[in-house]
Structure formats: structure tokens, C-alpha cells
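Following: one structure in C-alpha cells, then a few remarks.
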Number of protein chains: 2
Amino acid sequence: MDKINLGLGAPRYQQLAQAIADSIARGEYPVGSLLPGEEDLCRQFNFSRFTVREALRHLQETGLVTRRQGIGTTVIASTPTRKFGHMIESIDQLQQYASETRLIDHVFEDVVADEELAAELGSTPGMKFLRITALRVGADESKPVAWTRIHLAAIYAGVRSSLAEHSGAIGSLVEKLYDQKITAIRQTVSAAAIDEAIADMLDVAPGSPGLRIDRTYAGHDGIPFEFATSIHPGPRFSLSMQLDWMSPG
Amino acid sequence: MDKINLGLGAPRYQQLAQAIADSIARGEYPVGSLLPGEEDLCRQFNFSRFTVREALRHLQETGLVTRRQGIGTTVIASTPTRKFGHMIESIDQLQQYASETRLIDHVFEDVVADEELAAELGSTPGMKFLRITALRVGADESKPVAWTRIHLAAIYAGVRSSLAEHSGAIGSLVEKLYDQKITAIRQTVSAAAIDEAIADMLDVAPGSPGLRIDRTYAGHDGIPFEFATSIHPGPRFSLSMQLDWMSPG
DNA sequence: AAGTGGTCTAGACCACTCT
DNA sequence: GAGTGGTCTAGACCACTTT
């Protein structure tokens, strides 16, 4: 890492960033190693500290290095990562239909997770939940689009009284009422035959194909506080998402 | 926008960024309007240009403003947007199982999209495709995990000869052979009964529930060049994804 | 030509981490 | 205490856009 001969029209910090990126790609600075300090780089290339820092900032933005005060600049990747991303801007947007639908026929139960339930949810035994079982219907209240069962941490049981007037996802209701910020959602999609009890409620034949979506919502502490399962009649629902390439930086 | 009284321990540029963000949120600088120039801000707050630029950079990273040389700093949002994101780092990761599975029993056909096929794929009539129908099996070649049918733009028909040795998604094979970069993927998931012909191949009962995934892959020009449909036997497959909150900036 | 943001220098002090 | 990155100043020149 000593010669710079790329992009002579480009700003110095870009040329420097490129030179360092090349060195990293060549393995001169393996992942996990430290880059020379800023002062070193200044002397080595005869650039001001501003220029060096601007180059390092660029490398940081492309995900090649992290920087920490008192430690230095650590290489964390040898190549800019290519990422596809799916972004949504609200909870209701995840549940694509949620803002235009409502829950009806709620059944509320207070349950404590035993071994079995805890295993099913991926929670811990002994945790207290409000269990909500309901049907989700469109605005015209024709055939339901989903049967849904939610296990909500008991501390948020107060949503119970507001549920009837709320259209949208329960997660966003909790956010509103409790100022609890959802920071991670995990979603699993699978197909399964709809069993008789649920088929009746959804007005489909027992055993007909259903789309099952399991979602867990976790808050600031990373601990899931809501576990939701939805079962959609095959023909009445599909889940779409667009993944776009995110340029590194 | 004139007083600063937030976070006295915080760096000046952060305080300034916060002050400006507050002004924008209050509507003092509506979306579409220009912020004062850097020199103005320097005089107004008695900060150096470095500090002012650092604050503006922060606002840019949070998506509140854009900056253009010769124009100025334009307000593009009044509030930082909260985003949930799902990121994957490769095509094969989208098809979660793809890197450990292979396609067998390929059937190749050259087809030209008529009205019906074009409508089904979301393509245009007259487009030429290589149609690949195959089964995806695990390493042990036990029961197949999916039946799959791919319509690949005819210009990439050369993948045909490399398909047998390739494990992974076809999209990544096209990327490798043709230097075609995939920039957008659209994915739709639904549940449907598996029809008899496919059920036979998958070794499940006809009419049993299946998870159907339709994906289109588009390249640099935004035009989809690959249309893939997979049908998975209900119990043998599920699709998981994690969505994380992405801090604005 | 005037005004904007983009790049760059030389120098300073500070907060943090490690030994 | 030595070394790291983080913040900050004062001043300069340049490239771009609009008038």
C-alpha cells in the first residue's frame, strides 16, 4: 500500500480510500487487523489529517472497517458487501392488509406458558400472557381473511379495551399505548392444511391449504413480547415483498 | 431556529443538527425549502464551517435533507423515518436452502410467451424464454424439497450446460456466467393445493397443501429476466426472515 | 459574477483505551 | 502516559449552478 494511481481527477480522499480498499482486498490488512493510525497515514501519503479521515469515513460507510476511539481502525470485511434489502416503514405495512382490516369475535384468555406452550412459541415457561384469538375481516365484513392467535406479554394486557376500535396490527397498538418500541420482528411462513375448527370459522373446507405466518415482535431489550400466528385461506391471501439492491454506502 | 439548549455535553455539531431538525419538525423550513447557506449558519451560531458541515452531514444521513453543490441544502422530510429492514447478502441466501441443494431431472423447452403466459408471468407477449422444469433435492437426494419452473430470458440460455454442476440459485449462475447484476427481486408467497402431476413428483398426496413462491429477478435496466416459481410440500419447507429496526442514519 | 456546497491544509485540544 | 480516534478552528481554493 504505497502507490496511488487511480482516478487522477478524483478527490484525494477517494483515491486514498480506493488504495486502502485495494490493500485490504489483496490481503495486506486481513480481516481483524488494525490499519495504521491516522497520523501514520498522513505521513505515508503526505495528506492532511482531514483527507485521511475523509477516506477512512468512506471505508467505514462501505462496511470495510470500524473505528473506535482509543483502539484504532479495524478491518471487518475484505470486500464491500452486496446487500439486498427489504424495507418497510411501519408495522402495519408488514401485515400488508392490516390497515384495512379489523379483528372481530375476540376471545381473551389469561394463560401461563407451560413447557409445551413455551416451546411452541420460543418463549420461556412461566411467562404470563394474554391470549387473543380472533378473526380478521375486511371492511365489508365478508369472508374472513385470517384466523389469528396472539400471545401478548401480560404487562400489555391493557390493549384489551382498545382492541375493538383499533384497525391494524396489534403490535402497533402496543407501541401507541405503552410507548414500547418494536425493534425486531421475526417472521416464518409455511403452508399447512387447515384443521376443522379453524376451517369452520374461515368458511373453507377442512384440510384445504392455508398459509401460516408466525411472527414474533421484540422490543428494545431484544426479548419477544408478542407472538402472533395467522392462518390465511390459501386463495384469499398472498405475501409479497420487493428486495432491492442496496449500494454499499 | 436560534437557541440551542439541548445536550450540553454533546458535541456542537450534534446540538446544531438537533436544533435544525427541530426547526424542520416545527415547520420553520417546510419540505422543499432551502436551509440557509453554510456561511449563514456559521455566522448565526458562531460555529466554524467544519462544525456546521458536520451537522448538515448528520441531517443528510438521517434523510432530512439533500445537499447539492451550487444549489444548497434542501429539506426533503420533516421527520426521520423509521424503517424496518430485511437484508440478505446473496441470492442464495434468499433461497435459504439453495446452497445445499441441487436441481435434478431438468426438462428444457424453448418457449415464446403468448398472451396467457405473458400475463401469468407479468412479462410481455413475444418474449423468448428457456423454460426449465426441475426438482430440487437435498444433498442426500431423498424426497425433493421443491418442484420448480423457471422462465429465463433466452439470451441467457447458455446456463443450460452448466446447470447440472451448479448448486444454488439459477439467478446467481446467470450473474456469474453473464456478468449480469441482479438489482431487484420481487417475491410473492402463497398457499395452494398441489395438483396431481406435481404431487407425484414431490411424493405427496394430490391436493395436499403447498407453499408457492413466485420470484422475479430484474437486472440493471429494471426489466425482469427470470421468472421462477417454486412449489414446496407444506411440511418440508418454511420461509423465515428477520426484520430489524434500522436507525435513521 | 455571485453564491452554493466540495475539498483541503495546519494546527489544536479532548475523550477514550490500553499498559 | 502514550497512542488512538473525535471534535473544532481559521482560512483557502475549487467546481458547480443560477443570474
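None of the values given here were measured: they were computed from a predicted structure. Values reported hereafter were calculated over all heavy atoms of this structure, with side chains retained and with hydrogens, waters and symmetry mates removed. Below, read A as the first sequence line, B as the second, and so on, with proteins coming before strands; counting in each chain starts at 1.
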Report the distance from atom OG of B/Ser230 to atom CD1 of B/Ile213, rounding to the nearest 0.5 Å. 6.0 Å
So A/Arg53, base contact, sugar-phosphate only, or nothing? Heavy-atom distance under 4.0 Å. base
Whole-Å gap separating C1' (D/dT18) and CG (B/Leu34): 12 Å
Pair B/Phe47 + B/Tyr13: ring centers closer than 6.0 Å: no
Within the 4.5 Å heavy-atom criterion, are B/Thr148 and B/Ile170 side-chain neighbours or not? no
Derivation and outcome, side-chain hydrogen bond (donor to acceptor under 3.5 Å, both in side chains), residues A/Arg215 and A/Gln187: CA-CA 4 Å; A/Arg215 293 192 177 97; A/Gln187 170 174 276; 2.7 Å; yes
Between B/Tyr13 and D/dT7, is there a contact of a side-chain N or O with OP1 or OP2 at under 4.0 Å? yes
Quickly work out the B/Arg43 CZ to C/dG3 P distance and round it to whole Å. 10 Å
Between atom CD in A/Glu54 and atom P in C/dG5, what is the gap in whole Å? 16 Å
In B/S/- notation, 5' to 3', how is nucleotides 10-16 of chain D contacted by protein heavy atoms closer than 4.0 Å? --B--BB
End-to-end bend of the helix from C/dA1-D/dT18 to C/dC18-D/dG1 (five-pair axes, 10° rounding)? 10°
In this structure, how many angstroms lie between the P atom of D/dC8 and the CG atom of B/Leu56, rounded? 14 Å
Sub-4.5 Å side-chain heavy-atom contact between B/Tyr29 and B/Leu64: no
Atom CD of A/Glu38 and atom P of C/dC16: how far apart are they, to the nearest Å? 17 Å
Within the structure, does a side-chain N or O atom of A/Arg67 lie under 4.0 Å from either OP1 or OP2 of D/dG6? yes
Quick check: on DNA chain C, is the nucleotide nearest A/Asn46 upstream (toward 5') of the one nearest B/Gln60, or the reverse? Name the residue that is more 5'. B/Gln60
Whole-Å gap separating P (D/dG3) and CG (A/Leu35): 18 Å
Starting at atom CG of B/Leu41, determine the distance to atom P of D/dC8, rounded to an integer number of angstrom. 15 Å
To the side chain of B/Thr51, which of C/dT7, D/dT7, D/dC8 is closest? D/dC8
How many whole angstroms separate atom CD of A/Glu39 from atom P of D/dG5? 9 Å
Using the six-membered ring wherever Trp is involved, compare the ring planes of A/Phe225 and A/Tyr217 and label them parallel, tilted or perpendicular (cut-offs 30° and 60°). tilted
Output the single nucleotide from C/dT7, C/dG5, D/dT7 whose closest atom is nearest the side chain of B/Thr73. C/dG5
A/His151 ring center within less than 6.0 Å of A/Phe129 ring center: yes
Walk me through whether A/Glu226 and A/Arg149 qualify under salt bridge (charged side-chain N to carboxylate O under 4.0 Å, His left out). CA-CA 10 Å; A/Glu226 179 186 341; A/Arg149 169 164 285 171; over 6 Å; no
Can you name the residues that form a side-chain hydrogen bond (donor to acceptor under 3.5 Å, both in side chains) with B/Ser33, not counting sequence neighbours? none
